[in-house]
Every structure is written in structure tokens, then in C-alpha cells.
Number of protein chains: 2
Amino acid sequence: MSSLAKTDADMVRVHNRLAVLDHLRRVGVTTRKLVSEATGLSVSASSAISGALLRGGLLSEVEEDDRSTRRGRPGKSLAICGRAARVAALKIAVGEVSGRISDYAGRPLTEMRRGVDLSGRDGGFIVDLLADLAKELTGRLAEEPRALDKVVVAVQGKTFSDLSGIVWSPALKHRHIEIAAPLSARLGAEVSVLNDCSLMPEAFRWRPDFTGLDFATLFVGFGVGMGLRLNGATFQGKHSSAVEFGHINHMPGGALCRCGNQGCVEAYASDYAIWRSATGNGDIPAHRIGDEAMQRLADAARAGDPAARSAFEAAGNAIGYGLGRVFTMIDPLPIVMTGSGAQAIDLLEASIRQGIRESAVDGLGSDTPLILEEDTDALVFDAGTAYALAALDQEFARSAAEATEAA
Amino acid sequence: MSSLAKTDADMVRVHNRLAVLDHLRRVGVTTRKLVSEATGLSVSASSAISGALLRGGLLSEVEEDDRSTRRGRPGKSLAICGRAARVAALKIAVGEVSGRISDYAGRPLTEMRRGVDLSGRDGGFIVDLLADLAKELTGRLAEEPRALDKVVVAVQGKTFSDLSGIVWSPALKHRHIEIAAPLSARLGAEVSVLNDCSLMPEAFRWRPDFTGLDFATLFVGFGVGMGLRLNGATFQGKHSSAVEFGHINHMPGGALCRCGNQGCVEAYASDYAIWRSATGNGDIPAHRIGDEAMQRLADAARAGDPAARSAFEAAGNAIGYGLGRVFTMIDPLPIVMTGSGAQAIDLLEASIRQGIRESAVDGLGSDTPLILEEDTDALVFDAGTAYALAALDQEFARSAAEATEAA
DNA sequence: GAGACTTTTTCCAAGCCTCGGAAAAAATGG
DNA sequence: CCATTTTTTCCGAGGCTTGGAAAAAGTCTC
């Protein structure tokens, strides 16, 4: 009924434990004293909380060689204990599934990629496939066989806002596929299904150079997608999986898009759009344009091929106008760019910036920083892992009450 | 450094006092028992907090005739005490300033409107004007002469994100005008300067039918602006005053907009755009098109004038595409519409919905509810008042500590 | 190498909240 | 007029943070 709920001492404990964990994730290794300074907690509280987390097994004391020859009692170094949990980031893309397992400290333990034709497959097959993938990954880890604590599935395409499955994906013909519940039953861990692009900002969650920064991640490749970090939170839509940047209309009545509409950004800027524009064929290619084919096309443009050049230019223009529209709505934001578009940034950047200049008020944002991340897969794995770890931190901070009782 | 800060008992107190105030604003009159049920606080805590707020003068016990003939001790009715504070909502528009004073319970006490040619005036004049307006308004209130506790200035145009003043306004020729500091010095109350359109969702802050609802407010008139309520918070940009819906590009290379760009939504959907389109004159009119003129134009369209009809249709189309783009980014949202566009909704609605259908994925959101609010001024005053009261609630919840000590 | 100094950690009483239950208060019903 | 019911107040308990004192674990100086 009322929108504001009460708070009590429990909330305070959870919040402060979370603050300590958060600080540790940012800096990696600290001492109780430094935690106190960073969080604003008293040293007593910092010490008590660290102690509880240590007893709970979430933290571990580490030996540091970095004897910085200062007087006084040296602080005992603390770090997140990798053995406290194990998370998996899985990925469903057109023609392949892949995954990475990491420990609670965020260190990647093992990773694999498997090419599969998913197009005609149903939900049961997908769940089986993901379960197999996860089990093979865990099997590789020699140590004691232990279950996963949290699984994130990043999907190309639209996902349910309750993180339960896939509404629609270019990788699959079937629609409305439940993933979370059946996969969770198979793996014994909570499963969250999210769109890969909107998840991407999570990859930067604890990176010091992105702390407190609002920014957008932009994927340009097979499709075009965006993730937003606003007010320190990764933006998630209520109804869908959020920022469908590729389907923001660029040109009313313009080029035909896969979604059926005319003039979407994707219909100009995605691989297939650039391809059909360069080849002069108006149809949407039936199959995915390979990365090598796009590389050749880019090289042709670099060599001066006029059709290829103008195709990339039109793509950059559409992206630029799209960004200009986003900047007009939200604010100018730094852009982290990935996908085949990032590889061809030399062909795109000028027209992107020109597009922003023409579409944003006062051209604001046309000089926004453009940060390139070549390895899209790594970015998605990082993002899924960070998301999973953040969720675990919340759970652990909450259940630390019981842990203290037990101890 | 770290982004998560600590919490302590103080925070708990502030948060819970705020929860009680929030509930009272939503329902108007309650009892301690009902507060307990609504907030989740224990009856003891609810009682203690209510008692503290009563002693602090923020609440008052009210007599209710509504004897609902039930057994048991009847609950003592509590309500926000109007005399606890006084806030002003001021408004700067093209050719006029206006204002309303309300009490702490949100009841309007007095209101006035003054036509002034502001175009060539500087900051000093504006501040003087607003100070005079506020003082004349307070002077009207017969009772003991008391100062304002909080002032909100809603401005057509772009404002600084720190709420200190005006970056640019169509009402003024000068740019970068400081308002908050000098006006605050004159009135003895904190002053916040915000864009009128982005402020508008605040008007619905405590309205039960909008509780927990995400929605957009859309102003179509002299200009075109939008306000967003997302995740229960009114969206505010970091750099500017947020959602410049009117300047989201509609058509690359399209009609000339006041902002200098080509193809903005405003260049199709604002009063001047509809006017120039209907009259076949390509220039932006030098003066504001009056409301009566727009009414006549709308009547001509209703009578079948083809030029007028197609002008409104083009306007609706641009708005529809704009909304489609927003929906694609964020989510389909209910729209609260106001301004002269709301008056001409019969001429616009079909093409708005058609535009959404053509520009949003699967046409999602083309059937979104369209809620009309005829009285734009009242909406802005409501919004400014709600914003001011919410800010006061925060301050009072914080300082309630001292209040209890004092008592 | 021993004592002085310095800095980090731990320990403990105190202060604030909220919670739960008991007691008091204020009405209705028979 | 007394039993019943419902709301409000009162009081002790428990949890978390705080601030200061004590302990711990080094470096520095003589």
C-alpha cells in the first residue's frame, strides 16, 4: 500500500556487511582500518563485521609481501575468499552456447564454447544443453566436486523481466521459453536469464575507473543493442529486457528491419544491414553474415570501395542519430563499444559523431568518449559473473545473521 | 571512494519517520494502528514515532465525525499539520510568472499570475520579480506573517542539474542565470530551480491511483516536453534538466527547429510547427502563437480544412514516433498529456497511436493509456508543491532528533 | 638488544532503535 | 454496571554501531 517500507537493525547489519563486501570487491585487498575509512564505519564496527565475514568464510586473511616499511602494527590484509562460492555465466548466441565458471573472488576458473545449431530447438533442448555445459565445466575443476551457487544466462534477444526465460531470440525459432526454473532444478542453483546487451554494464560494476560513472554499452554486430548504467544501477525495463537500441526508429519509412518495422537503427547498422547496403541487395540475408565476411567488407571500404564506404557511413549515421536521441532523453554518456562495429570503428566514428552532432541539442555529446572493448564474449562473461556475485553478496550479507548464530 | 556508505540507527530513525509521513501524505488521515499496518512497523514503534512527530508539530490529532460504530477503543485520527510549514511553487513561462503558496498539508492557500515581458531581462530582474511575487503572495495571507520554508521554481527551458538556475529558457534572452542563491537570500528559504516538464510527474507522487506506477508526462504546446517517473523516482538528468522529448530527432534532415537542428519532434508537434505547417510558411514565427489562434486552427481542422488537418496529423505522427522511440528504450508507459496538444487530442490521437505502431517493436505501447490533464498550470503548481513538501519531509525527518531532545 | 613509539585490532560499556508483551484507556453490548 | 473489544502507552530485551581503553605487533633509537 504505502511505498516506503520500514527499516530496522537487521537492515542496518545487511547494508553495512554489503558495504564492506563492496569495498573489498573494488580494491581487492584491504585492512580493517582501510575498510573503516572507505565506508565511514567506526573501526570497531569495521573490525566486528570483518570478523563475522571471516568466520562466515566469505573473507580470508592473506599474506602480503608488500611490506611498506611503516611504523606501527601492520594491518592484516583481508580479501574475498574465492572458495566461498562458485558462479557460472552462460551465454546463448546464434549458433553457439558458451560459459565460464568463476570463484567467489571473481577469478575465472574455466571456460568453454560449443557450436550448436539452436534454430529449431525447443526449451527442453536448450535447458539440457545448458545443464550439460555447466556440468562439463564444473567437472573440469579437479578439486572436490561442488555445486554452483548462482547461474546467470545471457541471451541475445528479449528476455522476461522476471529473469525467468526467453521471450524471443534470433538464435531460436521457438518463443516464450522457460529457462530459469528447469535449469535451476537441474543445477541446484538459482538461475537468472537476462539480455546480454542490457547486462553488459555489470562488467564494470567494481572497476575503479567506472565508479559512480553513468555510461552506456553499445554492441554493434549481428544485431545492435545497448546497456545503460544510470544513477549507479544497471537499467532494467519493467516489461521487457530494456534498451532495445537497435530498434529505436532511425528513419520513418526507412529500410526494412528484421523486426518487421521500417527504419530501425539495426536496419542500417547491423552486419546484415551493412552487407545488404554494400551489395545493393535489398533483402535481409537469410543467414548470419560471418565475422570474416564483415572484415573483408571493412577492408574493402578501407581500400576505397565506394559502396562499402557508404554502407559503413550510413551505419555510423544511424548509430549517431540513435545516440543523439538517447543523449537528448537521458544525458550525454560515455560509450563502451563492442562487437564487429568496434572492429570497424575507424570506418564508423566520423559518421557516428556527425550523427550525434545533427541530432542532439547543441550537438551535445558528439565528443563523448568512445571506449573500445574488442572481446565481446569476455565482456558478457565478466558482466554475468559480476551480476551473480552481486546477488550472492546480497544473500550472504542477509544470511550472515544465521552464520553468526551458528558460530 | 567506495560507493556504498554505512548505515546506523540514525538512518533507521530518519527512514521510518519518513515512512510514516509518506503514508500520511497518501491517505490524508490515519491512526497509529493503521500506520503500523501500512508501514510494517510494530504498533509500539508506530506509536512512538507518531508521538514524536506530534510533539514536533508536524502532525496533529484531528476530530473525525466518521464514527463507524465499531467496538473497542477508537483510534485517534492523525493528519499532517498544515501549520508546520509553508511552501511556494513559482513558475516562469514565456510572458508570465505565476505562483502558488500551500501549507504543509499541501492545501493551496493563495495563487496569482502576472503577465510580464521577460525577454530582454537579466537575472537580477527575474530574481526581483520572483521575490516580489512570493512576498505579495505571503502578504495576502492574513494570519501571522511567516516566512516560506521552501521554494520551487519551475521554468520552461533548461535548468542546471544542481537546481541553482536557468541554463536557457525560451522566456529569456539571457543565458546562465543564477536564481537559487539570490532568491534564497531574499526569501530566507531554500530555493530549487527545475524544468517544468521534468518536474511534472511529482504532481502524482502521493496519488493513490499512481502509486508504484511508472509513467510519462507529456506537454505539447508552445514547446514539447516530457517528464518520466521510473522505478518510483522522477527522472533527473545529471548534466541538464533531463528528457528533452521535444528535441529528440524525428526526421533526419527534416523541418527546422528553434534549437537549430533539423527534424526535432518539436519542429513538427509544437504550436509554431503546426502553425507554419498549416499556413504553408516555412519560417519559425517570431512570436508565440496564442492559445486562441491554436484553438481556431484546431477548429478549422475539425471543420475539414485539409492543410490544418495534415498539420495536426504530422504533429501526431512526430509525437507517436517520439513515444515509440522512448518506449523502445525504456518500456511502454502510460502517458499523462497536457498543454494545447491535450486540447486537440481528438485531432492527434489517431496519428500518435499510428506513429507508435510504426516505430515500436511489435507496435508495443500503441494502446497505452492516454490521460488528459487540461490545466497545465495547476499540474505544475501541484508538482512544485509536492517536490517542496517531499524535500521538507526529508529535512524534518532528519531534524526530528533535535526536536525530541528539545521537547 | 631493550625500551620508546606508532599504528592496528580487539574488547567493553553505552546509546539508539525497534520489538513483543503487559497494562491502561476508551468505546460498545448485554 | 460489568464483560468484551480495540487502540494506545509503557517497559524490558535484543541488536547494531560508537568511542574509548587495552592489547597486539611492528619500527626506531640509543
Side-chain angles (χ1 to χ4, degrees), chain A residues 4-20 29-55 59 61 63-78 397-405, chain B residues 5-20 29-55 59 61 63-78 397-398 400-405:
Chain A
L4 264 102
K6 61 145 190 180
T7 311
D8 56 15
D10 272 25
M11 296 278 197
V12 171
R13 187 195 59 235
V14 171
H15 184 99
N16 286 343
R17 282 182 177 20
L18 215 43
V20 171
V29 178
T30 12
T31 65
R32 293 159 171 80
K33 183 80 195 307
L34 291 172
V35 167
S36 153
E37 282 167 18
T39 58
L41 288 160
S42 66
V43 276
S44 331
S46 160
S47 185
I49 292 172
S50 304
L53 295 177
L54 267 166
R55 280 192 302 280
L59 266 45
E61 296 191 332
E63 298 300 321
E64 263 210 308
D65 307 329
D66 182 48
R67 307 245 154 254
S68 45
T69 188
R70 278 175 24 245
R71 291 182 71 150
R73 175 175 175 175
K76 263 185 202 148
S77 294
L78 301 171
R398 207 156 272 134
S399 65
E402 302 151 37
T404 3
E405 272 179 57
Chain B
K6 61 145 191 180
T7 313
D8 56 16
D10 273 24
M11 295 280 196
V12 171
R13 188 194 58 237
V14 171
H15 184 98
N16 286 342
R17 280 178 178 23
L18 215 43
V20 171
V29 178
T30 11
T31 65
R32 293 157 172 80
K33 183 80 194 307
L34 292 172
V35 168
S36 154
E37 282 166 18
T39 57
L41 287 162
S42 67
V43 277
S44 332
S46 161
S47 185
I49 293 172
S50 303
L53 295 177
L54 267 166
R55 280 192 301 281
L59 265 45
E61 296 191 333
E63 298 300 320
E64 264 210 309
D65 308 329
D66 181 48
R67 306 247 153 252
S68 47
T69 188
R70 279 176 22 247
R71 291 182 71 150
R73 175 176 174 174
K76 262 184 203 149
S77 294
L78 300 172
R398 207 155 271 135
E402 302 150 37
T404 2
E405 274 179 55

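Convention: sequence-line order gives letters A, B, ...; per-chain numbering from 1.
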*Distance below 4.0 Å between A:Asn16 side-chain N/O and D:dT17 OP1 or OP2*: yes
*Tell me, with the steps shown, if A:Thr31 and A:Leu78 meet side chain to side chain contact (heavy atoms under 4.5 Å, CB included).*
CA-CA 6 Å; A:Thr31 65; A:Leu78 301 171; over 6 Å; no
_Spacing between A:Arg55 atom CZ and C:dT10 atom P, to the nearest angstrom_ = 10 Å
Just the table, please: protein N/O against nucleotides 18-21 of chain D N/O, every pair under 3.5 Å.
residue	atom	partner	partner atom	Å
D:dT18	OP1	B:Lys6	NZ	2.7
D:dT18	OP2	A:Ser42	N	2.9
D:dT18	OP2	A:Ser42	OG	2.8
D:dG19	N7	A:Ser44	OG	3.0
D:dG19	O6	A:Ser44	OG	3.0
D:dG20	O6	A:Ser44	OG	3.3

*asked:* Taking the nucleotide of DNA chain C with the nearest heavy atom to each, does B:Gly72 or A:Lys76 sit closer to the 5' end?
replied: A:Lys76
*Intermediate values then yes/no, side chain to side chain contact (heavy atoms under 4.5 Å, CB included), B:Asn16 and B:Val20*: CA-CA 6 Å; B:Asn16 286 342; B:Val20 171; 5.8 Å; no
*Take the C1' atoms of the five end pairs on each side of the helix from C:dG1-D:dC30 to C:dG30-D:dC1, derive the two axes, and give their angle rounded to 10 degrees.*
20°
*Under 4.0 angstrom, heavy atoms only, what part of the nucleic acid is B:Ile49 near: base, sugar-phosphate, or nothing?*
sugar-phosphate
*Has the side chain of A:Ser36 got a donor or acceptor atom that lies under 3.5 Å from a matching backbone atom of A:Ser46?*
no
*Does the side chain of B:Arg13 get closer than 4.0 angstrom to OP1 or OP2 of C:dC17 through an N or O atom?*
yes
*salt bridge (charged side-chain N to carboxylate O under 4.0 Å, His left out): which pairs involve residues 33-46 of chain A, sequence neighbours left out?*
A:Lys33-A:Glu37
_Can you tell whether the side chains of A:Glu63 and A:Lys76 come within less than 4.0 Å, N to carboxylate O?_
no
*Does B:His15 reach the main-chain N or O of A:Ala5 with its side chain, forming a donor-acceptor pair under 3.5 Å?*
yes
*Please list, chain by chain and in numerical order, all residues satisfying salt bridge (Lys or Arg N to Asp or Glu O under 4.0 Å) with A:Lys6, sequence neighbours excluded.*
A:Asp8
*Any side-chain N or O of A:Ser47 less than 4.0 Å from the OP1 or OP2 oxygen of C:dT9?*
no
_Residue-phosphate contact under 4.0 Å: B:Arg71 side-chain N/O, C:dA26 OP1/OP2_ = no
Nucleotide N/O of nucleotides 22-24 of chain C paired with protein N/O under 3.5 Å:
none

*Residues forming a side-chain hydrogen bond (donor to acceptor under 3.5 Å, both in side chains) with A:Ser77, sequence neighbours excluded*: A:Glu64
*asked:* How many whole angstroms separate atom CZ of B:Arg17 from atom C1' of C:dC16?
replied: 11 Å
_By nearest heavy atom, map A:Lys33 and A:Ala9 onto DNA chain C; which one lands nearer the 5' end?_
A:Lys33
